[in-house]
2 protein chains.
Amino acid sequence: MKNIDKLRRAGLRPTKQRLIIADILLDGPNRHFTAEDLQDEICASGNYMSIGTVYNCLKRFKNSGLIKQVEYSKDTAIFDTNTTFHHHFLNEETGELIDIENDKVILGKLPEIPSGFLNSGVDIIIKLKKHT
Amino acid sequence: MKNIDKLRRAGLRPTKQRLIIADILLDGPNRHFTAEDLQDEICASGNYMSIGTVYNCLKRFKNSGLIKQVEYSKDTAIFDTNTTFHHHFLNEETGELIDIENDKVILGKLPEIPSGFLNSGVDIIIKLKKHT
DNA sequence: ATTTTACTTTAAAATGATTCTAAACTACTT
DNA sequence: AAGTAGTTTAGAATCATTTTAAAGTAAAAT
């Protein structure tokens with residue numbers, strides 16, 4: 001499908017800027033990137049876009065499901081007095097965290113660890129929304 | 001154990017400021033908090049501490065294992081073009097992310113969801129360190 | 001006990017990521 | 001072609017965090 005149609009189907013007005021971003025992000029292989037990474041790539045493609053627009057577009061793309069934001073890239077550090085190995089419920093509306101003790105979760109199958117690396121810890125976040 | 005000894009055992013010089021923080025954090029029940037939350041509580045206890053010192057102490061406490069930092073509270077947003085349900089390896093040294101497709105992980109047992117809430121998604125982060 | 005040394009705290013400035021603002025612009029509708 | 005509602009822009013503002021350099025303090029060495 002053409003990117004202009006992907007934008008329309010996502011309910012986004014297909015502006016010049018959004019098409020530039022769609023052309024970079026929505027074809028080709030998946031990737032992880034920051035707003036600044038994307039702005040650099042926009043420059044490299046011979047275009048220009050203000051950083052405000054990059055952020056704005058990313059937010060719209062995310063809200064309409066064209067991309068995701070990695071869950072654990074939040075802007076404020078949260079500390080935890082619980083130093084045992086444990087996991088968290090995350091109340092998506094309030095940001096509140098609730099501990100999940102380790103024995104409440106069992107991983108039945110783990111992926112193969114990339115060669116040359118060791119598993120140095122597993123963090124599980126279970127997001128919660130209010131029951132309706 | 002007295003907090004002054006917890007600090008010493010952690011290899012931290014027990015300064016007045018670190019003891020104030022230890023008294024707030026290391027007794028009583030576990031909790032999640034930001035640097036600003038802690039500074040407010042320091043104020044509420046009739047003490048004062050510059051925000052720089054609060055950050056500095058939290059970093060030292062964390063590095064010596066007295067507290068933890070919640071894994072997914074990082075300062076830069078990371079976006080992901082992979083909108084399927086999936087998880088991530090996190091290279092702790094470089095911050096690089098690698099996708100883990102959903103069928104590579106099986107959760108054998110999940111904790112009971114707090115009443116009034118629904119599970120709205122599970123994110124798993126497997127941290128990697130270089131094999132030595 | 002005093003001096004020395006290395007580490008720590010502080011206020012303030014600096015940085016970095018992100019959001020906001022108000023004016024100019026543009027896609028879509030009438 | 002004109003209207004309107006949404007979008008982009010530069011730049012300012014904000015927020016979290018780190019850095020800086022000077023003053024202060026705990027521990028080690030005399």
Side-chain angles (χ1 to χ4, degrees), chain A residues 2-24 32-43 45 47-64 66-80 95, chain B residues 2-24 32-43 45 47-64 66-80 95:
Chain A
K2 288 175 79 176
N3 285 328
I4 191 167
D5 296 315
K6 288 185 193 164
L7 289 174
R8 286 221 168 85
R9 238 180 30 157
L12 296 178
R13 185 180 284 190
T15 64
K16 178 163 155 275
Q17 290 74 212
R18 288 176 184 166
L19 279 165
I20 291 169
I21 292 182
D23 287 346
I24 291 174
H32 304 106
F33 60 96
T34 66
E36 210 193 330
D37 292 339
L38 179 56
Q39 196 188 31
D40 289 348
E41 201 159 351
I42 290 164
C43 275
S45 75
N47 292 290
Y48 168 81
M49 207 173 300
S50 80
I51 192 67
T53 303
V54 174
Y55 275 104
N56 182 37
C57 288
L58 286 173
K59 187 175 284 179
R60 300 310 186 89
F61 275 46
K62 177 177 68 168
N63 290 340
S64 49
L66 291 172
I67 62 172
K68 278 188 167 185
Q69 180 174 353
V70 175
E71 182 57 43
Y72 50 98
S73 59
K74 291 296 158 54
D75 60 345
T76 305
I78 300 169
F79 298 92
D80 191 345
Chain B
K2 288 175 79 176
N3 285 329
I4 191 167
D5 296 317
K6 288 186 192 163
L7 290 172
R8 286 221 168 86
R9 239 180 30 159
L12 296 178
R13 183 180 288 190
T15 65
K16 179 164 154 272
Q17 292 73 250
R18 288 174 184 166
L19 279 165
I20 291 170
I21 292 182
D23 288 345
I24 291 174
H32 304 105
F33 60 97
T34 64
E36 209 192 330
D37 292 338
L38 179 56
Q39 195 188 30
D40 289 347
E41 201 159 352
I42 290 163
C43 275
S45 76
N47 292 290
Y48 169 81
M49 206 174 299
S50 81
I51 192 67
T53 303
V54 174
Y55 275 105
N56 182 36
C57 288
L58 285 172
K59 188 175 283 178
R60 300 310 185 88
F61 275 46
K62 177 177 69 169
N63 289 339
S64 48
L66 291 172
I67 61 172
K68 279 188 166 184
Q69 181 174 351
V70 175
E71 182 57 44
Y72 49 97
S73 59
K74 292 294 159 55
D75 62 343
T76 306
I78 301 168
F79 298 91
D80 191 344

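Below, read A as the first sequence line, B as the second, and so on, with proteins coming before strands; counting in each chain starts at 1.
- Remark: Lys6(B) pairs with Asn3(B) by the side chain to side chain donor-acceptor pair (under 3.5 Å) rule, at least two apart or across chains.
- Rounded to an integer number of Å, the gap from Leu58(B) CG to dT18(D) P is 10 Å.
- Between Asp37(B) atom CG and dC15(D) atom P there is a gap of 15 Å when expressed in whole angstrom units.
- Residues passing the side chain to side chain donor-acceptor pair (under 3.5 Å) test with Asp40(B): none are found, sequence neighbours excluded.
- The list of side chain to side chain donor-acceptor pair (under 3.5 Å) pairs with a residue in residues 48-62 of chain A, not counting sequence neighbours, reads Ser50(A)-Thr53(A), Lys62(A)-Gln69(A).
- When the local axes at the two ends of the helix from dA1(C)-dT30(D) to dT30(C)-dA1(D) are compared, using 5 base pairs at each end, they differ in direction by 20° after rounding to 10°.
- In this structure, the side-chain contact (heavy atoms from CB on, under 4.5 Å) partners of Arg13(B), at least two apart in sequence or on a different chain, are Thr15(B), Arg18(B).
- One interatomic measurement links the two molecules: CD of Gln39(A) to P of dT9(D), which rounds to 10 Å at whole-angstrom precision.
- Judged as a side chain to side chain donor-acceptor pair (under 3.5 Å), and not counting sequence neighbours, the contacts of Asn47(A) are Ser45(A).
- Separating the CG atom in Asp23(B) from the NZ atom in Lys2(B) is a distance of 10.5 Å, to the nearest 0.5 Å.
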Exercise for the section: Give the B/S/- string for nucleotides 2-11 of chain C, one per nucleotide from 5' to 3', where a protein heavy atom under 4.0 Å of the base yields B, of only the sugar-phosphate yields S, and otherwise -. Expected result: -----BSSBS

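- For Tyr55(A) and dT19(C), the shortest distance from a side-chain N or O to OP1 or OP2 is not below 4.0 Å.
- With rounding to the nearest 0.5 angstrom, the CD1 atom of Ile42(B) is 11.0 Å from the CG atom of Asp37(B).
- As a whole-Å value, the separation of Asp40(A) CG from dA17(C) P is 11 Å.
- Rounded to a whole Å, the CD1 atom of Ile4(B) is 10 Å from the P atom of dA26(D).
- Per the geometry, CD1 belonging to Ile20(A) stands 11 Å off C1' belonging to dT8(D), to the nearest Å.
- Take Glu36(A) and apply the side chain to side chain donor-acceptor pair (under 3.5 Å) test, not counting sequence neighbours, and it matches no residue.
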